[in-house]
Amino acid sequence: MQDRTYTADAEPGDEVTVAGWVHEIRDLGGIAFLILRDSTGRIQVKFEKDEMDDELVETGLGAARESVVSVSGAVEEEPRAPTGVEVVPETVEVIAPADPELPLDPSGKVDADLSTRLDNRTLDLRKPDVQAVFEIRSAMLRAVRERFRELDATEITTPKIVATGTEGGTELFPITYFGREAFMNQSPQLFKQLAAGSNLERVFEIGPIFRAEEHNTPRHLNEATSIDFEGAYCDDGDAMDVAEEVVTAAYEAIAEECADELDALGLDEEFAVPDGEFPRLTYEEAIERINATGELDEQLVWGDDLSTEAEKALGEDVGSHYFITNWPSEIKPFYIKDHDGEPDLSTGFDLMHPRMELVSGGQREHREGQLIEGFEQQGLDPDQFEYYTKMFKYGMPPHAGFGLGGERLLMTILGLDNIREAVLFPRDRQRLSP
Ligand code: ATP
Ligand code: MG
């Protein structure tokens, strides 16, 4: 629509055409208002029944809520109007009528459960607080991209249809690929390493990962957005620095660019950018601290993975973002390098938000012999990964990196209760459409 004006840009004295949804009709008798909504806000359209053309009044006031209408007329100052201005219509056209029976109330006056909201996402997204989540998601991803570029990383995209999985066989989605078995990729791990071993040296990817997670939880999706980094000549400490910078950059951009959206979510007062470095606890220190909280029924011992309860107890104790470093080698994947001379101690790390894990990373095993041993220890057949291990014969520099869950980042930044709120069309055990 060529000459359309956003409602937020309509100034007194302008002749405008505004187009959007009928948010509400307020009929006061002789005078009635149509509140028109677009992506920038709302504007009041005034109908004076006795003074205006009957057909114009009928068209405007007869439009069902959420119909799309176009209104042309003069913008006038009106201190009593919600935005201080109103449109006096000369023409009104219903571009797309809405069924008066709405499955969901986009004005937000009537609450809907998450399932109804996700089934009717287009209507749900017409609510300012829901719209705000996705405006912020966009700003977050832009900030992350920019920070990676500043850190000299090149954006790559890697295949999502693959012959083999890397994170253990249980979480794979099998598909049929021209009569052969293939899988949806769980992680760009091996491909980003192959790229980091090239002259690109530092790479990042923002893309989907697919995991056939066993359970429905508030922080697991079956299709998630992974923010991945891999850098040649980096060690675990360097990768942690990058993870910290990227996470902080996301907060900073949202604080700077998204004041209106934070306001729509009721977060403008309390929104805080993490300041300073995130503490780095070793795994050993972490389990000691968890045991000292007395929150767990059974004390943790070296080699235990951290349960959800353990993560929660530690998160409450630390109270900010923090890293857990130096994990036992046996609970980290084969591609994570051990500390030199300490085969039980890995360079693997996790970055934690007090509520949950955000990142896993580490230095990678770049020595071909040790890498192949690692495959065997994890019960994987190295022959199936020959496309990957082969490249370790031709000069693979030491390298390190991480994977950061995009939805978990957004969810923890905004304090969302359920990760599904951070995705337009989430995939979980029950939900395959829309
Ligand atoms: P968790 O133990 O919390 O299930 P994980 O250790 O299996 O996570 P990783 O393989 O380490 O996950 O993946 C790196 C990051 O990707 C995680 O820290 C998390 O932020 C994100 N992530 C992994 N799986 C999912 C998922 N199913 N849904 C959403 N995000 C995920
Ligand atoms: Mg992990």
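The first residue of the sequence shown is numbered 1, and numbering continues consecutively from there. In each ligand, atom 1 is the first atom listed, and ligand 1 is the first ligand listed.
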(request) Determine, using heavy atoms of Gln186 and all atoms of ligand 1, whether some pair is separated by less than 4.0 Å. (result) no

(message) Are Phe229 and Phe204, when compared by the centres of their aromatic rings, separated by less than 6.0 Å?
(response) no

(message) Can you confirm if the NZ or CZ of Arg280 lies within 45° of the ring axis of Phe323 and under 6.0 Å from the centre of its six-membered ring?
(response) yes

(request) Please check if any side-chain donor atom of Thr389 sits under 3.5 Å from a side-chain acceptor atom of Glu368, or the reverse. (result) no

(message) Donor-acceptor check, side chain of Glu285 to backbone of Thr282, threshold 3.5 angstrom: yes or no?
(response) yes

(request) Between Ile419 and ligand 1, find which residue part has any heavy-atom pair under 4.0 Å and reply side chain, backbone, both or neither. (result) side chain

(request) State whether the side chain of Ser226 and the backbone N or O of Ile209 hold a donor-acceptor pair below 3.5 Å, judged by distance alone. (result) no

(message) We want to know whether Arg202 and His399 form a side-chain donor-acceptor pair, criterion being a heavy-atom distance below 3.5 angstrom.
(response) no

(request) Would you kindly specify which portion of Arg408 sits under 4.0 Å from ligand 1, judged on non-hydrogen atoms: side chain, backbone, both or neither? (result) side chain

(request) Please confirm whether the backbone N or O of Ala98 pairs with a side-chain atom of Ser67, one donor and one acceptor, at under 3.5 Å? (result) yes

(message) Looking at ligand 1, is there an atom of it that comes within less than 4.0 Å of some heavy atom belonging to Asn222?
(response) no

(message) I need the full list of side chain to side chain donor-acceptor pair (under 3.5 Å) pairs touching residues 98-116, with sequence neighbours left out, sorted by first then second residue.
(response) Arg65-Asp105, Asp105-Ser107, Asp113-Thr116, Ser115-Arg431

(message) Quick check on Glu407 - does any of its heavy atoms sit under 4.0 Å from an atom of ligand 1?
(response) no

(request) Please work out which of His215, Glu357, Met356 has its closest non-hydrogen atom nearest to atom 2 (O) of ligand 1. (result) Glu357

(message) Test: side chain to side chain donor-acceptor pair (under 3.5 Å). Region: residues 254-278. Which pairs qualify, not counting sequence neighbours?
(response) Arg142-Glu257

(message) Using a 3.5 Å cut-off on N or O atoms only, is Gly403 in polar contact with ligand 1?
(response) no

(message) Ignoring waters, how many N, O or S atoms from the protein are under 2.8 Å from the Mg ion (ligand 2)?
(response) 2

(message) Does any N or O of ligand 1 fall below 3.5 Å from an N or O anywhere on Leu358, backbone included?
(response) yes

(message) For Phe183, give me all partners under ring pair (Phe, Tyr, Trp, His ring centres under 6.0 Å), at least two apart in sequence or on another chain.
(response) none

